[in-house]
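Structure record follows, encoded as C-alpha cells.
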2 protein chains.
Amino acid sequence: MFTSISPPAAQPPAPPSRRELNKAATRQAISDSTLGLLRSAGPGNFTVEDIAESAGISRRTFFNYFSSTEAAIASVTHGFLDTALEQFRLRPADEPILESARAALVELADPMTVAPMAELFSLTQASPLLARSELEAWDHCTEQIIAAARERAARNPAVDMDGDMDELYLRSLAGSVISCGKAAMEVWFSRCGTDLSAESLAILRQLLIDSMALLGSGFAASAPQHPDSPASQPLQSDSPAPHSSERS
Amino acid sequence: MFTSISPPAAQPPAPPSRRELNKAATRQAISDSTLGLLRSAGPGNFTVEDIAESAGISRRTFFNYFSSTEAAIASVTHGFLDTALEQFRLRPADEPILESARAALVELADPMTVAPMAELFSLTQASPLLARSELEAWDHCTEQIIAAARERAARNPAVDMDGDMDELYLRSLAGSVISCGKAAMEVWFSRCGTDLSAESLAILRQLLIDSMALLGSGFAASAPQHPDSPASQPLQSDSPAPHSSERS
DNA sequence: GTGCAAAGATGCACGTAGTGTAACTGCGTG
DNA sequence: CACGCAGTTACACTACGTGCATCTTTGCAC
C-alpha cells in the first residue's frame with residue numbers, strides 16, 4: 001500500500017512529516033509508559049510526573065497530549081472502539097443496523113485488537129478510579145454510532161426518516177448495541193480472563209453474536225427459559241450467518 | 001395516587017436521632033448550595049470553597065459528604081434513578097423484566113421526580129465536565145438492576161437460570177434498558193426542555209414506553225420504516241401523546 | 001444536672017492535578 | 001543561512017483531595 005505521491009495536501013492518507021511522526025511517537029510513548037506503570041505500580045499508585053519521567057518528557061508535555069492519566073489509559077479503549085466504528089462505517093448502507101453492529105463487533109475478536117483491552121480489563125479490575133474514562137469512551141462510541149447511522153440513513157432515501165421517531169430509535173438502538181457489546185466483553189473477560197487462545201476468542205465471538213441476537217429478538221420477550229430457542233443457535237463465526245430476521 | 005408516604009422509612013423505622021437528622025440536613029444543604037451555584041455561576045465557574053461557604057460549612061466538611069463537586073451534582077441523578085429502582089424492585093417477580101422496567105420508568109414521569117433531572121439537564125447542557133459523574137450514576141443504576149433482576153430470579157424457581165447464559169442475558173438486558181431509558185430522557189429534554197406541563201410529561205411517558213417497546217420488539221429488526229407499526233401501537237399511558245414532527 | 005465517650009466538624013498542612021505564560025528548541029521553508 | 005512556527009519545557013499559581021490533630025456536639029449513664 002504505497003500511497004504514491006501525495007505531498008502535504010491530502011487530508012488523511014499521507015502526512016508523514018517529521019513533526020506528525022514525532023507527535024505520534026510521543027503519544028505512543030506516553031500511552032506505553034502509562035500502561036507500564038499501571039502494570040508495575042497498579043492503578044492510583046503513580047503520578048503524572050512518574051509517567052512523564054518514564055516517557056522521557058516533561059510533566060507539562062503530558063498534559064499537552066492527555067488531559068489526565070485516566071484519559072491516557074482510556075486511549076486504549078478508544079483505539080479498540082475506533083476499530084469497531086471503522087468496521088461499522090464500511091458496512092453496506094442498506095444493511096440493518098443490528099447486523100452491521102454484529103459484523104463490526106465480531107471483527108474485534110482478533111488477538112491484536114482485543115489484547116490491549118483484555119489487559120486493561122485485568123488491570124482495572126476492582127478499580128472504580130478508572131471506570132470514569134472507560135464509561136466516557138463507550139459513551140463517545142455511542143455518539144459516533146448515532147452519527148454514523150444517521151449519515152447512513154441520509155444516504156439511503158429508501159428508509160423514510162420520520163423526524164419524530166428517528167431520534168428515539170437511533171439513540172435507543174445505538175445505546176443498546178453498545179451496552180450489549182460491553183456486556184459481552186465483560187462476560188468474556190470474567191470467564192476467560194486474559195486468555196487469547198483461539199478457543200477463548202471463539203467464545204468472545206459467540207458472546208458478541210449472542211448479545212446482538214438477544215437484542216434483535218427483543219430478549220425473547222421474557223426470561224431466558226429455553227437455552228436453545230432465544231439466542232444460542234450455534235452460528236459459527238465466519239459462515240454467512242443467515243440471521244433470520246425475526247419480525248413480530 | 002398517594003403512595004402514603006409515612007414520615008419514617010421502611011427498614012430503619014425509627015432513627016430520627018439528632019445526628020442522623022443533622023447529617024441529612026447538611027447533605028441537603030450542600031446539594032442545594034451546589035445546585036444554586038450551578039444556576040448562578042454555571043458549571044466549572046465555582047469551587048468547593050464557594051459551595052462550603054454557601055452551605056455554611058467548611059471545605060473539609062464538604063469532602064466528608066461528597067468526594068467532589070461532580071459527586072454532589074450527581075446526587076440529583078442518583079436520587080432520580082433510585083426512585084426508578086425502588087419502583088422496579090416492588091414489581092411482581094414473575095413479571096417480564098422489560099415490563100417491570102417499563103412500569104418503573106413510567107413512574108418517573110412525575111413533576112416532583114423529573115423536575116430536578118430536567119433542570120440538571122438544562123444546566124449541564126454542553127458541559128462534558130459533568131458528564132462523567134452522570135455516566136457513573138447511570139452505570140451504577142445498571143448494576144443495581146442486574147442485582148435486582150438476579151435476586152428476583154433467585155426467588156422465582158420457575159425460570160431456570162442457566163449459569164451459562166444468564167450473565168450475558170442479564171447484563172445485556174439491564175444495559176439496554178438503561179440505555180433506552182436514557183435515550184428517552186435525552187430526546188424528551190431536547191424536545192421539551194424544562195417544560196413540566198401535563199402534555200410534556202405525557203410525551204415523556206410515551207417516549208419511555210416507546211423506547212421499551214422498541215427494545216421488546218428487537219427494534220423491528222430493521223429501520224423505522226413504518227411509524228405506525230413498529231412500537232407505538234400497543235400501549236398508551238393515559239393521553240394520546242400527539243406526535244408532532246419537528247426537524248432541524 | 002454532670003461527666004464521659006463517640007461521632008462529627010474544623011483547621012492545617014501536604015502532595016498532586018491541571019493550566020496560563022513566557023522562554024526555548026527543533027523542524028520546515030524561502 | 002535565517003526566519004517562522006509547531007512543539008517542548010520550566011515556572012508559577014489555583015484548586016483538589018486527604019491525613020491528622022483538635023475542637024464541638026450529641027447520646028448516654030449516673
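It should be emphasised that the depicted structure is a prediction, and the values quoted were computed from it without experimental measurement. In what follows, every chain begins at residue 1, and chains take the letters A, B, ... in the order their sequences are listed.
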Give, for atom CG of A:L208 and atom CG of B:L168, the distance between the pair rounded to the nearest 0.5 Å.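 Here the rounded value is 9.0 Å.
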
Roughly how far apart are A:L81 CG and A:F88 CZ, rounded to 0.5 Å? 13.5 Å

Taking DNA chain C as the partner, which of residues 22-39 of chain A come within under 4.0 angstrom of it by heavy atom? none

Under a 4.0 Å heavy-atom cutoff, the residues of residues 52-68 of chain B touching DNA chain C are B:I57, B:S58, B:R59, B:R60, B:T61, B:N64, B:Y65

Provide the full list of salt bridge (Lys or Arg N to Asp or Glu O under 4.0 Å) pairs with a residue in residues 37-49 of chain B, sequence neighbours left out, each pair given once.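 Qualifying pairs, neighbours excluded: B:R39-B:E119.
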
Rounded to whole angstroms, how far apart are [atom1] on [X] and [atom2] on [N]?
{"X": "B:L21", "N": "C:dA7", "atom1": "CG", "atom2": "P", "value": "18 Å"}
{"X": "B:I51", "N": "D:dG17", "atom1": "CD1", "atom2": "P", "value": "10 Å"}
{"X": "A:E49", "N": "D:dT9", "atom1": "CD", "atom2": "C1'", "value": "13 Å"}
{"X": "B:R18", "N": "D:dG27", "atom1": "CZ", "atom2": "C1'", "value": "11 Å"}
{"X": "B:E70", "N": "C:dA17", "atom1": "CD", "atom2": "P", "value": "16 Å"}

Please work out which of the three classes, parallel, tilted or perpendicular, describes the rings of A:F80 and A:W138, given edges at 30° and 60°.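 Because their plane-to-plane angle is over 60°, the rings of A:W138 and A:F80 count as perpendicular.
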
Name the orientation class of the two ring planes belonging to A:H140 and A:H78 (parallel below 30°, tilted from 30 to 60°, perpendicular beyond 60°). perpendicular

Heavy-atom closest pair, residues B:V114 and B:L201: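 Scanning both residues, the minimum pair turns out to be CG2-CD2, 3.7 Å.
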
Is atom CD of A:E53 surrounded by more than 12 heavy atoms (other residues, nucleotides or ligands) closer than 6.0 Å? no

Sidechain-backbone polar pair: A:R205 side chain, A:A109 backbone, donor-acceptor under 3.5 Å: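 Between the backbone of A:A109 and the side chain of A:R205 there is a qualifying donor-acceptor contact (under 3.5 Å).
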
